[in-house]
Structure formats: structure tokens, C-alpha cells
Amino acid sequence: LNINIVKNFIGRRRMENGHCKPPANEEDVEASNELKLKANEFVKREQYLKAIEFYNKAIDLNGTNAILYSNRSLAHLRLESFGYALTDADIACTLDPSYIKAFYRRAAANFALGKFRLALRDYERVVKSRPSDVDAKKKHKECDKLVKRLAFEKAIAVDQKDTSLLATLDINSITVDASYDGPRLGDDGTVTGAFMQDVTAHLRAQKTLHKKFAYTIISHVLRWYDAIPNALVDITIEDGAKFTVCGDIHGQFYDLLNIFEKNGVPSETNPYLFNGDFVDRGSFSVEVLLTLCGYKAAYPEHVHLARGNHETVTMNKMYGFESEITTKYSSDMFQMCTELFCAFPLAHCINSSVFVCHGGLFSSNNVTLDDIRAVNRRSQPGDEGIMAELLWSDPQPYSGRSPSKRGVGIHFGPNVTSEFLANNNLKYIIRSHEVKMDGYEVAHQGKCITVFSAPNYCDQMGNMGAFIRLTAPSLQPDFVTYDAVPHPQVASYMSLSPFFF
């Protein structure tokens with residue numbers, strides 16, 4: 001199943017099979033326009049789901065109006081349903097190639113999906129059509145700059161593809177100035193739980209861990225995962241022992257500390273699995289990553305880290321982590337973290353019963369745990385395939401599969417979940433990746449659980465956070481929810497995405 005082909009097919013079929021049907025009469029045109037005006041008002045109030053509802057009704061009455069699809073595309077952009085936004089913008093561009101705003105929308109959707117060259121092509125068209133449009137020229141300039149920068153970085157990467165920063169960086173040669181008043185490691189570089197308690201206190205006070213010790217922590221974890229051959233890691237919980245699974249953290253460091261206050265810090269008797277999306281969006285992604293990696297270094301058999309869709313270069317460039325870590329440390333530190341993210345496993349299996357991944361399931365019916373183990377994870381994910389789907393897919397309430405609103409991965413129904421579990425002799429799935437107002441959601445007859453650990457996501461969603469406690473042998477999930485805690489107000493590092501959307 002090629003998702004790009006499916007998206008294009010759906011767009012064409014909408015126009016061929018009456019989804020883009022012309023209005024039956026003038027009354028339909030007028031009624032459609034009235035619905036559009038109501039939808040536009042909901043957009044102004046930032047009630048995007050309600051706006052989409054009214055645009056849908058307007059399109060049912062007049063499916064040939066490019067403005068309706070373009071406006072609905074904007075609402076999808078604001079909801080970060082970039083796949084749907086792209087489909088609507090494509091239809092608008094096809095219906096009326098002279099409607100330049102549709103090309104704005106398509107450029108924004110492609111930009112959000114990391115398809116910067118396609119975005120640049122549409123911005124070029126907009127600027128050519130509207131040479132005096134200051135906003136269009138600014139977006140074109142920034143997009144062009146990014147495309148050229150990525151091309152340069154790709155050329156450099158080809159020249160250095162066999163060079164790991166871990167292999168070339170001499171951490172021992174980094175000196176620590178006497179004025180540094182933070183936690184220090186001993187000469188052997190051993191990371192302990194006591195050291196990590198000092199580190200989190202230091203970071204909580206908005207102080208920076210010295211780069212020597214930051215590099216040491218990251219290098220410990222990178223070496224650990226470099227030695228792990230498979231993309232799927234098996235975890236064993238002894239009978240009577242508890243185990244905690246956390247979802248997205250997204251740079252919300254103070255909420256992470258709140259989890260530890262409620263549930264205890266990681267240790268040999270208090271193991272954790274953090275299920276991806278540690279970084280981006282929140283302004284304390286560096287602090288989150290150093291804390292999680294520090295505890296992984298201290299308790300390597302009892303702290304587990306999974307890759308999420310935000311542990312990728314494209315997302316880090318758009319949603320703040322690259323800017324944050326280069327500001328707080330350096331571009332070399334970002335390079336080492338990029339190596340680390342490529343070494344993270346893509347999935348975990350607890351007691352051969354519970355499958356855990358960041359996103360979800362697959363476009364193919366017959367994916368096995370051995371297929372997942374065999375995935376070459378040491379790269380940036382593409383737009384399709386097992387790796388992309390593990391990081392990006394989402395459940396849907398109805399049977400079957402459908403293209404993802406995100407533009408990558410798929411939506412999978414309860415029958416897909418049941419078949420995957422039966423084929424692999426599993427009980428249920430835990431995944432993350434989606435904001436849930438209660439912090440978690442149990443779907444697909446209890447077989448697909450979502451956990452999201454970033455409360456009041458991006459300081460605006462108002463959702464609870466949650467984590468899951470499991471106790472062997474039953475592994476019955478126990479959900480713990482919590483509100484967001486106060487955090488220092490600092491500027492966002494997301495310099496690109498708000499500008500384009």
C-alpha cells in the first residue's frame with residue numbers, strides 16, 4: 001500500500017464520484033455560501049473542528065468551489081492534520097488553478113510534512129503571481145534558504161557518512177572550568193542515581209549541565225543502544241514487580257519531574273519505559289533528554305527509551321529541538337543526539353504479551369514481531385513502510401484502514417489490531433502519539449491503549465497527562481492521571497512552524 005498513491009487516488013475519486021459535484025441549483029449555491037461564512041467565523045474563533053463540520057456541509061451542496069477546500073485545508077493545518085490539509089489543497093488547486101490562496105495552503109501542508117522542495121515550488125508560484133505580496137516573498141525566502149541549507153547538509157553528510165561523532169570526539173579532553181557550580185562526574189564517568197538527582201535539581205533551577213557531562217551521558221546511552229541489534233526490544237517483568245509506561249513528554253521537563261514525584265524516580269526497583277517524543281515543542285527538550293538518558297545510563301536494564309516520530313531530523317528542525325540544543329550547547333551535540341535517535345529501538349514487547357510502540361500498526365496484514373526486529377532502524381524514517389508506520393500511525397474507531405490525517409502512516413481499525421495481536425500471540429497494544437483529554441484512551445475493545453504524558457500540551461490544550469502502571473503477571477493497566485504544573489516562561493524555539501502555518 002503506497003500511501004501517497006492512495007491520497008492522490010482519493011482526491012481524484014472525490015471529483016470523479018460526485019464528492020466534488022456541482023450545485024443542483026442556485027439555492028444550493030446560496031446555502032453553501034452561508035455555511036461557508038459560518039465556518040469562517042469558527043476559524044476566527046479557533047474552533048477548527050466546528051469549522052470543518054460546516055465546510056463539509058457547504059461542500060456537500062457545492063463541491064466545485066475551490067475556496068471551500070482551501071478554507072477547510074487551513075482548518076486542518078491548524079489542527080495539524082497535514083495529510084488532510086494537503087488533500088484539500090490539492091483539490092482546490094485542481095478545481096481552480098487561478099486561486100492562488102490554495103497554493104499557499106498546499107505549500108504550508110507540504111512544508112509541515114517535510115516536503116520542502118514541493119513547498120518551495122508552490123511559494124514560487126505564489127510570488128510570481130503576487131510579486132508585491134510581502135508575506136509570500138518572506139515565506140518563499142525562508143523556504144528557499146531551508147532547501148539550500150538541507151542540500152548543503154546532505155552533501156556534507158555524504159562526505160562524512162562513515163564518521164560518527166562518538167568515534168571522533170575526545171570527551172576526556174574537555175575541561176571543566178573551576179567556576180562551574182553544577183554536578184560533576186568522577187574520572188571514570190560512571191553515572192549514578194545520586195548524580196542524576198543532583199542533575200535534575202540543577203536543571204530545575206534553569207542551570208546548564210556542563211557539556212562534558214552532557215556528552216558523557218549521551219555517549220553512554222548511544223554506546224548501549226549501538227550494541228542492541230534489533231529494532232524491537234523484549235522486556236521481562238518478574239511476577240509481583242511493577243513497571244511504568246509513559247507517553248509523549250515533548251520538552252515539558254517540569255511535568256516529567258512531577259511524574260517522578262508521583263511515581264518515584266527510575267531505579268532498579270522502579271523501571272520505566274518512555275515511549276518516544278521526548279523532544280520538540282516544549283522549551284525544555286534538552287533537560288528532558290538529559291534526564292531520561294542520564295537515568296538510562298545509571299540503570300541501563302531498567303530504563304527503556306523508544307523512538308518517536310519527533311526523534312527525527314526533519315521534525316527537530318521544524319519544532320524546536322535543533323534550535324534549542326544548538327543554543328544551549330552546540331551543533332555537534334545535535335549531531336550526537338541525531339545519532340542517538342537513530343539507535344533507539346522502534347518498539348518493545350513486555351513479557352511476550354504487550355506490544356508497545358510510539359505510533360501504531362501497519363498497512364500490511366502479516367507483519368510479525370520478527371519483521372519488526374529485522375527493520376534497519378539506523379536511518380531517518382521515510383514516508384511509508386514498517387518504520388514509518390510504527391512512528392506515525394493512529395487507531396480509528398471503524399474497521400479497516402484509511403490514509404492518515406498526518407500524511408504519514410495509516411489509520412487502523414479494531415479488526416487490524418485484533419489480527420495483529422492474534423498473529424503474534426499478544427494481549428494488547430500500548431501506543432502514544434496523540435493528545436487525549438484524559439491523558440489516555442482505551443479503544444478497540446480494550447486492545448489498543450493510548451497514553452500521553454504531556455499535560456496541557458503546548459500550554460494550550462487543557463488535557464490531563466497520564467502514565468500506566470503494570471504489575472506482572474496480569475499486566476492489567478492501571479492509569480494515573482495528573483494536571484500540568486507551573487514552569488518558567490521562556491521563549492519558544494519553534495522558529496519555523498508558526499511562521500508557516
Side-chain angles (χ1 to χ4, degrees), residues 165-166 169-228 242-244 246 249 251-274 278-279 282-306 311 321 324-325 328-330 332-334 336-337 339-341 343-344 453 467 485 487-488:
L165 185 63
L166 181 62
L169 181 66
D170 183 4
I171 297 175
N172 290 329
S173 69
I174 299 174
T175 59
V176 181
D177 192 273
S179 63
Y180 172 69
D181 64 352
R184 293 172 180 258
L185 286 170
D187 291 340
D188 63 356
T190 300
V191 179
T192 65
F195 172 74
M196 286 310 303
Q197 295 271 27
D198 292 340
V199 167
T200 54
H202 188 72
L203 298 177
R204 185 196 287 268
Q206 291 186 269
K207 297 181 178 181
T208 302
L209 183 66
H210 193 278
K211 66 179 180 180
K212 178 171 186 172
F213 308 128
Y215 273 124
T216 301
I217 286 172
I218 299 298
S219 66
H220 277 316
V221 180
L222 180 50
R223 286 191 178 93
W224 172 270
Y225 280 120
D226 270 346
I228 302 296
K242 76 167 187 175
F243 188 87
T244 301
C246 295
I249 303 295
Q252 296 185 200
F253 175 62
Y254 294 85
D255 293 309
L256 174 63
L257 296 184
N258 187 41
I259 292 173
F260 293 160
E261 289 171 7
K262 291 181 175 297
N263 196 57
V265 298
S267 69
E268 293 177 347
T269 57
N270 193 27
Y272 279 82
L273 165 56
F274 296 93
F278 317 128
V279 302
S283 297
F284 303 96
S285 293
V286 168
E287 289 80 359
V288 167
L289 187 64
L290 289 176
T291 298
L292 297 183
C293 287
Y295 276 113
K296 174 67 178 178
Y299 306 108
E301 300 282 359
H302 302 87
V303 174
H304 306 273
L305 307 177
E311 278 72 54
F321 179 62
E324 180 185 343
I325 199 166
K328 293 177 178 178
Y329 287 102
S330 66
D332 279 348
M333 183 69 82
F334 177 63
M336 183 174 279
C337 289
E339 292 180 31
L340 175 65
F341 295 163
F344 282 158
S453 300
F467 55 83
V485 297
H487 64 81

Can you find a pair of side-chain heavy atoms, one from [X] and one from [Y], that are under 4.5 Å apart?
X	Y	value
Val288	Gln252	no
Arg204	Thr291	no
Ile249	Ile259	yes
His304	Phe243	yes

Rounded to the nearest 0.5 Å, what separates atom [atom1] in [X] from atom [atom2] in [Y]?
X	Y	atom1	atom2	result
Leu209	Tyr215	CG	OH	12.5 Å
Asp255	Glu261	CG	CD	10.5 Å
Ser267	His302	OG	NE2	8.0 Å
Phe274	Leu289	CZ	CG	12.0 Å
Thr192	Tyr295	OG1	OH	9.5 Å
Thr175	Tyr180	OG1	OH	13.0 Å

Grab the two heavy atoms, one from [X] and one from [Y], that are nearest each other, plus how far apart they are.
X	Y	answer
Glu339	Leu166	OE1-N, 3.9 Å
Asp177	His210	N-NE2, 4.3 Å
Leu340	Cys293	CD2-SG, 3.7 Å
Leu290	Met196	O-CE, 3.8 Å
Ala298	Gly193	CB-N, 3.9 Å
Leu292	Val303	O-CG1, 4.2 Å

N/O donor-acceptor pair under 3.5 Å between [X] side chain and [Y] backbone:
X	Y	result
Asp332	Leu165	no
Tyr225	Leu305	yes
His220	Gly189	yes
Asp198	Pro183	no
Glu311	Phe344	no

- Start with the C-alpha distance between Ile325 and Val279, add both sets of side-chain angles, then the distance that settles side-chain contact (heavy atoms from CB on, under 4.5 Å), and finish with yes or no. CA-CA 10 Å; Ile325 199 166; Val279 302; over 6 Å; no

- Please assess Phe334 against Phe321 for the test side-chain contact (heavy atoms from CB on, under 4.5 Å), listing each intermediate value before the final yes or no. CA-CA 8 Å; Phe334 177 63; Phe321 179 62; 4.0 Å; yes

- For atom CG of Asp188, is the number of surrounding heavy atoms from other residues, nucleotides or ligands below 6.0 Å larger than 12? yes

- Message: Atom NZ of residue position Lys211 - does it have more than 12 heavy atoms of other residues, nucleotides or ligands inside 6.0 Å?
- Response: no

- Message: Let's go through Phe213 and Val191 carefully: what are the C-alpha distance in whole Å and the side-chain angles of both, what is the deciding distance for side-chain contact (heavy atoms from CB on, under 4.5 Å) to 0.1 Å, and is it a yes or a no?
- Response: CA-CA 9 Å; Phe213 308 128; Val191 179; over 6 Å; no

- Task: Mind telling me whether Phe260 and Tyr272 have parallel, tilted or perpendicular rings, with 30° and 60° as the class edges?
- Result: perpendicular

- Query: Which of parallel (below 30°), tilted (30 to 60°) and perpendicular (above 60°) describes Phe284 and Phe253?
  - Reply: tilted

- Task: Check the pair Thr190 / Phe195 against side-chain contact (heavy atoms from CB on, under 4.5 Å), numbers first and verdict last.
- Result: CA-CA 9 Å; Thr190 300; Phe195 172 74; over 6 Å; no

- Message: Among Gln206, Lys328, Lys207, exactly one meets side-chain hydrogen bond (donor to acceptor under 3.5 Å, both in side chains) together with Glu287. Which residue is that?
- Response: Lys328

